[in-house]
Every structure is written in C-alpha cells, then in structure tokens.
Amino acid sequence: MASRDVLAATGVALRGPGPDDLVGGVTPGVVALPESVEEIAAVLRACAAAGLAVVPAGGGTKLHWGAPPERCDVLLDLCCLNRVLEHAAGDLVVRVQAGVTVDALAAALGGKGQELALDVPFDSGATIGGTLAVGAAGPRSFRYGAARDLLIGVTVVLADGTVAKSGGKVVKNVAGYDLGKLFTGSYGTLGVIAEAAFRLHPLPARRCWLTAELAAGEVTGGLVAALAASQAEPSAVEVDRPAGGRVALAALVEGEAAEERALALRGLLPGTADGELGDAAPGWWGLLPGERVLVEARFPPASSAAVLAAAEEAGFALRGSPVSGRAWLTTRDAGERELREAVSRLRGRVEGEGGRVTVPASPYESVDRWGRVGALPLMRRVKERFDPGRVLSPGRFVGGI
C-alpha cells in the first residue's frame with residue numbers, strides 16, 4: 001500500500017515531495033504536515049503498523065547531513081508546529097514547538113530583553129527541533145553550553161506513537177529519565193522531538209569583539225589556555241583559517257565594561273598581533289565554512305595548534321573554537337578518493353591528540369562519516385529499545401542505526 005494511502009485515515013495534511021525534500025539524495029514517498037503532537041503520534045502509529053520509514057524534518061537546512069536513509073517512505077515536516085507555547089520571563093524559561101525557527105524565537109525573546117544563547121552555525125530557516133536533532137554548537141557554547149546544556153524539558157513522540165515527556169519547564173526540575181540529552185544529536189533515529197523547554201539568559205548590555213590576524217604557529221596551547229582562563233571572561237573565542245592562509249582570531253566579550261575587558265584580552269595576544277576592537281562581529285563569525293563537504297573535529301583545547309597543523313596538511317579550511325575544542329572544516333573541489341584520504345589523514349592526527357572527527361556532510365558514501373565509535377554496541381541497544389522496527393530515519397546515524 002502506498003504511503004499516502006496509509007496516512008489518509010489519519011486526517012493529517014499530505015503533499016507530494018519536492019526538490020527540497022530529498023534526504024541525503026533520497027526522495028520521500030510523501031510529505032506529512034502534522035499540526036499537533038497528537039497528529040505526529042497518529043502518523044507514527046500508522047507508519048509503524050504498515051512498516052513505513054519516517055524521517056523528521058524541520059527547516060530542511062540539514063537534510064543532507066548524516067548518511068542517506070535506507071528508505072524514506074514519509075518525510076514528517078514539522079513546519080506547522082511553529083508556536084512559542086509559553087514564555088515565563090520571570091523564570092527565564094521558554095517552551096516552544098519543534099518547528100519554531102531559531103530566528104523567530106530570537107525575535108520573540110529579544111522584545112522581552114532575553115535570549116536563548118544558542119547561536120547555531122546555520123543560515124536562517126533552522127528550527128529548534130532540527131538544531132537539537134543534530135546537536136550542533138555555535139561560538140558561545142564556550143560560555144553558555146550547547147543545545148543539550150540549555151534544554152530543560154522535552155516532549156517526544158516514539159516510533160509506536162507513544163508521547164513521552166522528560167524534565168519540565170522550570171530549571172530546578174531534573175526528575176525523570178533525561179530524554180532530552182539522549183535525543184539531542186540522534187539525527188531523528190530514536191523519536192520525533194515535538195516540543196522543547198529551555199533556560200534563557202538576559203540580553204547582554206553590551207557586546208565587543210576583539211579581532212586579530214595571527215600566524216598559525218602563534219595559536220599555541222598557551223595562548224588558548226590564557227584566553228579561556230582570562231578574568232575578562234570571553235563568551236566565545238573563534239578562529240578562521242582558509243587553507244594555506246593566516247589565522248583570523250575573534251573573541252567576544254559581553255556585559256558590563258565589555259570594551260575594557262576586551263582590551264585586557266588584547267594584552268594576551270602575541271606581540272606581532274595588532275588586535276582591534278569593534279561592535280560588530282567579523283563576517284565569518286558563527287557560520288559554517290562549507291555546505292557540500294563539512295567535517296567536524298572535537299579535541300582537547302590544548303591540542304588546538306596540532307589540529308590547525310593537521311587541517312593544513314590535509315588541505316582543509318578550518319573555522320571554530322580553540323577554547324571549546326571544536327572546529328568545522330571543509331575543502332573545495334575534492335574528488336571522492338581525495339576527500340576519503342584527507343579525512344583519513346585528519347582523523348588519524350586528531351585521534352592521536354585525543355579527539356574525534358566526524359563528517360556530517362559529504363557527497364560521497366565511501367567517506368567514513370563516523371570513524372571508530374566505542375559506544376556503538378550501547379547505541380545499538382538504545383535504538384533497539386526505542387525503535388525496534390527501524391521506522392525512524394533508518395541508517396542515518398552511526399553504524400547504520
């Protein structure tokens with residue numbers, strides 16, 4: 001039976017797939033557009049009974065991330081779940097539906113002098129649900145934490161249509177099984193994130209950026225440690241290095257006396273660096289360096305210099321946070337064999353420093369996206385428990401989960 005026929009009885013709006021609905025190049029059979037948690041549950045119940053594979057989607061900005069699904073009978077488009085459900089300004093908490101875009105939420109909170117300090121590294125259109133699903137972090141995760149650190153409650157719909165909740169809408173509520181942390185970064189393979197509650201922060205009174213240009217050899221472990229531990233308390237420190245180029249360094253200081261504190265950071269830079277202060281971020285700040293090919297490296301901050309060198313040797317441009325030990329990398333015009341070998345070289349060097357390399361986006365399936373994953377047996381057991389029928393995003397995550 002066709003996917004559309006299976007879902008017709010649910011009453012959920014359906015449409016045919018378009019060119020923007022491809023998941024890693026795989027065209028879905030039909031696109032479902034639920035408007036409530038109950039409608040998500042109805043779709044998943046029907047799909048589980050018929051053995052149809054479902055891939056959740058938000059703004060569609062990261063549908064090319066992860067491995068292509070083994071099959072995609074139904075694309076579950078959450079664009080209609082786009083409401084801010086509750087903003088408890090006095091408690092610094094917000095509860096939203098998964099289809100709310102990050103930009104729309106920022107605009108809504110900004111009018112109340114608050115923010116979700118989740119400056120995701122995506123262009124406009126990224127949704128809260130999609131951001132949680134891939135677990136990506138932006139520059140200010142150094143100070144405020146990543147998505148999973150700001151998440152205090154979540155409502156999810158499991159593969160069989162069961163609605164489950166974890167956490168709450170107040171920061172002090174930590175009771176229950178932490179589905180939020182489990183589902184964040186799971187690429188939609190365990191369930192569908194329908195709603196999320198976050199802790200907020202007041203908008204800073206002032207922001208000041210320190211920018212400088214350095215030679216790659218000047219980004220030492222000592223400099224990184226000094227910037228991270230500075231009493232100036234930077235909210236973020238980022239570097240941008242085109243393949244073969246010098247390193248642009250930018251540090252953000254927020255709050256009272258931001259300019260004076262940024263001046264203190266400037267005193268930590270190498271003597272050859274002429275740091276400048278300004279109210280605006282550099283144009284590359286917080287953006288991914290590439291789209292078609294995207295590599296992520298996580299590493300001990302003390303190994304930043306080694307990772308920069310490894311990226312240069314492998315032919316990658318690099319952008320990311322040395323103080324957080326996180327970087328995004330890309331390369332242009334690399335063929336399949338060249339990219340596979342470059343990733344292998346980079347992975348060998350970064351793993352030697354105690355880090356890890358993954359490949360969220362690649363046009364070539366022969367590229368090893370995940371590398372060695374010691375927790376894979378445990379992850380398989382979790383998948384089996386939450387989605388024994390392999391209904392949700394089959395094959396998109398580590399080890400074909």
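Because the structure is a prediction, the values reported are computed rather than measured.
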In plain terms, say whether [X] and [Y] are close enough for a salt bridge, that is, a side-chain N and a carboxylate O under 4.0 Å apart.
X: Arg340; Y: Asp368; answer: no
X: Glu313; Y: Arg349; answer: yes
X: Glu70; Y: Arg396; answer: no

Is there a donor-acceptor pair under 3.5 Å between the side chain of [X] and the backbone N or O of [Y]?
X: Arg95; Y: Gly153; answer: no
X: Arg319; Y: Leu287; answer: yes
X: Asp73; Y: Ala53; answer: yes
X: Glu351; Y: Gly348; answer: no
X: Glu195; Y: Val156; answer: no
X: Asp77; Y: Leu33; answer: no
X: Arg369; Y: Pro360; answer: yes
X: Glu338; Y: Ala334; answer: no
X: Ser321; Y: Arg326; answer: no
X: Ser303; Y: Ala306; answer: no

Practice item. Return yes when atom CZ of Arg15 has more than 12 non-hydrogen atoms of other residues, nucleotides or ligands closer than 6.0 Å, and no otherwise. Key: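 Yes.
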
Check your understanding: Counting only heavy atoms not in Arg206, do more than 12 sit closer than 6.0 Å to its CZ atom?
Key ->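 Yes, because the 6.0 Å sphere around CZ of Arg206 holds more than 12 heavy atoms from other groups.
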
Point to revise | Tyr187, Trp65, Phe183 screened by ring pair (Phe, Tyr, Trp, His ring centres under 6.0 Å) with Phe397, the one that passes | key: Tyr187

Exercise for review: Might you point out which heavy atoms bring Val37 and Leu81 nearest each other, and give the distance in Å?
Suggested key: N-CD2, 4.3 Å

Revision key, fill the gap. All heavy atoms of Ala42 vs all of Thr10, minimum pair found to be O-CG2, 3.8 Å

**Study point:** Qualifying ring-ring contact (aromatic ring centres under 6.0 Å, His included) pairs, either residue in residues 125-151, two or more places apart
**Key:**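 Every pair satisfying ring-ring contact (aromatic ring centres under 6.0 Å, His included) with a residue in residues 125-151: Tyr144-His201.
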
Gap separating the [atom1] atom of [X] from the [atom2] atom of [Y], nearest 0.5 angstrom:
X: Thr189; Y: Met379; atom1: OG1; atom2: CE; answer: 7.5 Å
X: Arg266; Y: Glu276; atom1: CZ; atom2: CD; answer: 8.5 Å
X: Glu115; Y: Leu105; atom1: CD; atom2: CG; answer: 10.5 Å

Check your understanding: What's the verdict on side chain to side chain donor-acceptor pair (under 3.5 Å) for Ser235 and Arg143, showing C-alpha distance, side-chain angles and the deciding distance?
Key -> CA-CA 5 Å; Ser235 294; Arg143 178 174 180 179; 3.1 Å; yes

Practice item. Could you walk me through whether Arg356 and Glu296 pass the salt bridge (charged side-chain N to carboxylate O under 4.0 Å, His left out) test, one step at a time? Key: CA-CA 8 Å; Arg356 186 162 183 266; Glu296 185 179 16; over 6 Å; no

Review point. Could you go step by step and tell me if Glu256 and Arg261 meet the salt bridge (charged side-chain N to carboxylate O under 4.0 Å, His left out) rule?
Key: CA-CA 9 Å; Glu256 298 297 332; Arg261 289 158 52 211; over 6 Å; no

